[in-house]
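Here is the structure we will look at, set down as structure tokens.
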Amino acid sequence: MHSETWSRDIARRVYGLEHSIRGDVLDIDEDGYLVIRLGDRSLRIRDLVKQFGFDLTYIRILPLISRAMMLVYETFNELIKATGYKGLLLPVYPMKVNPIPVVVESIFKYGEKYKWGFNTGSLGELQLLVSLAEKYSPRTLIYDGVFTEKVVEFLLKLHKLGWRVIVDVESEHDAEIVEKYPELEVGIRVKPITKPHGKWSDSAGLSSKFGLTMNTLIKIMDDFKWLKSRTVLLHMHPGSQISRFSDVRTYVKELRSVYEELLELGFENISMVDPGGGLAYPYLDVRDSEEESPDYSVIDYARLLISEFSKNHRNPDLVFEGGRFIVASHRILVTKVIDVRPYSAVKYKESTNTLHEYAEKIRSIRDAKTFLSRVRELLGELRSISEKDVKIRELYEDLIALVEDEISQRVSALLLTGDISISDVLGDNSILRIMTSPSKRFVLNMSIFADIPDSVLVDQYFQVIPVQGLNRQPEVLASLADITCDSMGEISHYISPGNLLNTRKPILTTVDSKLVAIPGTKLKLRGVPLTLPVKNEDYYIAILDTGAYQDTLAMKHNLIYGAPEIVIDVDEEGVSIRVVRNGEIRV
Ligand SMILES: *Cc1c(COP(=O)(O)O)cnc(C)c1O
């Protein structure tokens, strides 16, 4: 009557460590600790954090940035070679995805051998770029922000350092300024009509913020006769994180047709096509086209672009402008659990026995449903009295928790004996809800607003994983509350990729009898599967893939923000670990 035996392999799958970008850099060691593997070094995350005494830290694994860059570069170039495509790959890094100096320097440093350039759209980012540029070889810059003379001053500084500077003209105002500076090359940014699915679909379409509509372009082209011959780049951007390959395909077709239209209009010198960002990062690597798990890889993406532009005999150079894909994996947030609270602390144990006797009689999913609806009816009456009487209210709260507990215990037992089937549970929403709901709330020493703002801004999914105890079967489902006084500061969903499991039986938590995973099915849980900290144990939780956008969108809600960082890199002498302390206000 046991559920599937827990193993390191199951843990790797349940916690999303089977991953095409991170590879085996994040792994679980023999003793169940989450480790960072670099070369022959294996660093336990828990030891690292304890060594520096941090309750919250961002671990930046810079070699993960290098891995992603190499993956993109080699994928494109192998396909270019294999297909005989005549154009080149021109990679640039869009700074807005993460413009903090350590990330930008990594792009410079690791990008030396690929001549990785930059895409930027603000004066601040430009100033940072200029301050770092002298240390490295010159690159290409695609500037797509609003234009001012001050911006031009910095663009010209880069040009003096030997950079190739291409500026997008998006209005008559831009054209008037660019006209005066012949050293700047010109790009044309066109609004895509294709609107991909997902959270960033407003980046595309005729009313989107950036780019020209074709009719405006034709007007500007008539007013500024030099534009046609000076334009070297066609630039479009479909929005971030396009999870469906069919959307990418439609978009790339549109890109080619715009390219060919511009050639026909007389933009003879366009030699580069820039499809912008959009290449989706697998926050969960199960390839099913949901927002967190795109149904395609960088290989599919590169192959599509190359094959589409092979149809034009000019074979233009292809710009790669993905940023999320390059930097998302490099930042891991590690936070200490400072409290574990039950959803309900049952006091009236006497009520347990009778309830338990009834629950024992449950033999099927129908019995379970009948039981649930009967007690709920009774509880409904109790609830109305409970508003006036504290004692009754306690009893009411007890009963709610007890009923759910009895149902979880009974249904999980019957699931394992086979008396209740997986499809029975999946087919009944009220029972499924109980089986996937947390019984504990872990309080984390972090602020969701400051540390993973996209979790509240766009409901972004981030992989959560405990850094210890991974050799033990999870004991409970727990929601994760932060220390802000805001009800939005809570993580109460977990996507369990059972479709990656080849076990036979479902996996259940050992203490609260909830579902952890169902083989063959991707399951949405309302809490994270975790083991319970033992008394006085320092217990930490990691949140992965927080390297894109989160650093700059961070909020200061409740004045809880700022975290010290552990920056990990590899050089000739091996692994280096550097600590950067920020000002911080925490509990
Ligand atoms: C934001 C942005 C990107 C980055 O897109 P991701 O898909 O998030 O990597 C690329 N190009 C432009 C023009 C952008 O504005």
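All ligand and atom numbering here is 1-based and tracks the order in the structure.
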Every pair of nitrogen or oxygen atoms between ligand 1 and the protein that is under 3.5 angstrom apart - can you list them with their distances to 0.1 Å?
| unit_1 | atom_1 | unit_2 | atom_2 | d |
| --- | --- | --- | --- | --- |
| ligand 1 | 7 (O) | Ser240 | OG | 3.2 |
| ligand 1 | 7 (O) | Gly278 | N | 2.6 |
| ligand 1 | 8 (O) | Ser240 | OG | 2.4 |
| ligand 1 | 8 (O) | Tyr549 | OH | 2.5 |
| ligand 1 | 9 (O) | Gly323 | N | 2.7 |
| ligand 1 | 9 (O) | Arg324 | N | 2.9 |
| ligand 1 | 11 (N) | Glu321 | OE1 | 2.6 |
| ligand 1 | 15 (O) | Lys96 | NZ | 2.7 |

Give the ring-plane orientation class for Phe320 versus Tyr301, where under 30° counts as parallel, over 60° as perpendicular and anything between as tilted. perpendicular
Partner set under ring pair (Phe, Tyr, Trp, His ring centres under 6.0 Å) for Tyr296, not counting sequence neighbours: Phe245
Compute both the distance and the angle, then confirm whether Arg324 meets the cation-pi test with Tyr281: under 6.0 Å from the six-membered ring centre, within 45 degrees of the axis. no
Is it true that atom NZ of Lys180 has more than 12 heavy atoms of other residues, nucleotides or ligands lying nearer than 6.0 Å? yes
For residues 264-272, please give each side-chain donor-acceptor pair under 3.5 Å, one per line with the distance, not counting sequence neighbours.
| unit_1 | atom_1 | unit_2 | atom_2 | d |
| --- | --- | --- | --- | --- |
| Glu268 | OE1 | Arg314 | NH2 | 3.2 |
| Glu268 | OE2 | Arg314 | NH2 | 3.4 |
| Asn269 | ND2 | Ser229 | O | 2.8 |

Set of residues satisfying side chain to side chain contact (heavy atoms under 4.5 Å, CB included) with respect to Ser307, sequence neighbours excluded: none
